[in-house]
Amino acid sequence: MTDCIFCKIAAGEIPSNKVYEDDRVIAFEDLNPQMPVHTLVIPKNHYSHIADGIPDDEMGYLFNAAVKVAEIKGLSESGFRLTVNTGADAQQTVHHIHIHVCGGAPMNSGSPKR
Ligand code: AMP
Ligand code: ZN
């Protein structure tokens, strides 16, 4: 996707504060963090959202990568929240699937990331 900001981050065309990368996924710090830890994990392949026909192995790899990122960020014991905003009502703003990995302080039921 030529016009997708997260595809450009995955391709290294837009800078990001990288937390983890392998051949299939990349994780980077959210530009506008809502929590002490707020990292995004994306597949390098473009899917607009979680219901965009993501193959099972890609989905599994992505979520295991999110758990790995939580470990890297030191959240394994304290806990963390994974969020995947999907569509208008969820206020998805970037249309390349991404998992928000949030933690580092107690969260209430409504946030983050919404
Ligand atoms: P969502 O509302 O679930 O689509 O979340 C999109 C997230 O992407 C927001 O938390 C933004 O702060 C974040 N974001 C947008 N552009 C960038 C960027 N260039 N680098 C890092 N995070 C970004
Ligand atoms: Zn994309």
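Order of appearance sets the numbers: ligands from 1, and atoms from 1 within every ligand. A quick note: this is a predicted structure, and the numbers were derived from the prediction, not measured. The first residue in the sequence is number 1, and the count goes up from there.
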Practice problem: Examine distances only and state if a side-chain atom of Lys73 and a backbone atom of Gly103 form a donor-acceptor pair shorter than 3.5 Å. | Solution: no

Quiz item: So which of the N, O or S atoms of His46 lies nearest the Zn ion (ligand 2)?
Solution: ND1

Quiz prompt | Numbered atoms and elements of ligand 1 in range of Thr93, under 4.0 angstrom, heavy atoms | solution = 1 (P), 2 (O), 4 (O), 5 (O), 6 (C)

Practice problem: Indicate yes or no for a side-chain donor-acceptor contact from Gln92 to the backbone of Ser48 under 3.5 Å, with no hydrogens or angles considered. | Solution: yes

Self-check item: Option nearest atom 9 (C) of ligand 1 (shortest heavy-atom distance, choices Asp30, Asn17, Ile99, Val84)
Solution: Asp30

Quiz item: Rounded to 10°, how many degrees is the angle SG/Cys4-the Zn ion (ligand 2)-ND1/His96?
Solution: 110°

Practice problem: Between Glu29 and ligand 1, find which residue part has any heavy-atom pair under 4.0 Å and reply side chain, backbone, both or neither. | Solution: backbone

Self-check item: Nitrogen or oxygen atoms of Phe28 and ligand 1 under 3.5 Å apart
Solution: no

Self-check item: Ring-ring centroid check Phe6 Phe28, cutoff 6.0 Å
Solution: yes

Quiz prompt | Flag if over 12 foreign heavy atoms under 6.0 Å of CG, Asp56 | solution = no

Quiz item: Any N/O of His100 closer than 3.5 Å to an N/O of ligand 1?
Solution: yes

Self-check item: Proximal atoms of ligand 1 relative to Leu40 (non-hydrogen, under 4.0 Å)
Solution: 8 (O), 13 (C), 22 (N)

Quiz item: Does ligand 1 have any atom that is closer than 4.0 Å to a heavy atom of His95?
Solution: no

Self-check item: Gln91: numbered ligand 1 atoms lying under 4.0 Å from its heavy atoms
Solution: 2 (O)

Self-check item: For Asn32, atoms of ligand 1 separated by under 4.0 Å from a heavy atom
Solution: 12 (O)

Self-check item: Smallest separation among heavy atoms of Pro43 and His96, with atom names
Solution: O-NE2, 2.9 Å

Quiz item: Would the His100 and His98 ring centres measure less than 6.0 Å apart?
Solution: yes

Exercise. Assess the side chains of Asn85 and Gln91: does a donor N or O sit below 3.5 Å from an acceptor N or O?
Key: no

Quiz item: Charged N to carboxylate O under 4.0 angstrom, Lys18 versus Glu29?
Solution: no

Quiz prompt | Ile5 and ligand 1 - part of the residue with a heavy-atom distance under 4.0 Å | solution = side chain

Quiz item: Within less than 2.8 Å of the Zn ion (ligand 2), any N, O or S from Cys7?
Solution: yes

Quiz item: Does an N or O from Leu31, backbone or side chain, lie closer than 3.5 Å to an N or O of ligand 1?
Solution: yes

Quiz item: Pick from Leu62, Val84, Ile97: which one makes a side chain to side chain contact (heavy atoms under 4.5 Å, CB included) with Val41?
Solution: Leu62

Quiz item: Say you draw a straight line from CD of Glu71 to CD of Glu77; how long is it, rounded to the nearest 0.5 Å?
Solution: 11.5 Å

Exercise. For Gln92, counting its heavy atoms only, list the atoms of ligand 1 lying under 4.0 Å from any of them.
Key: 4 (O)

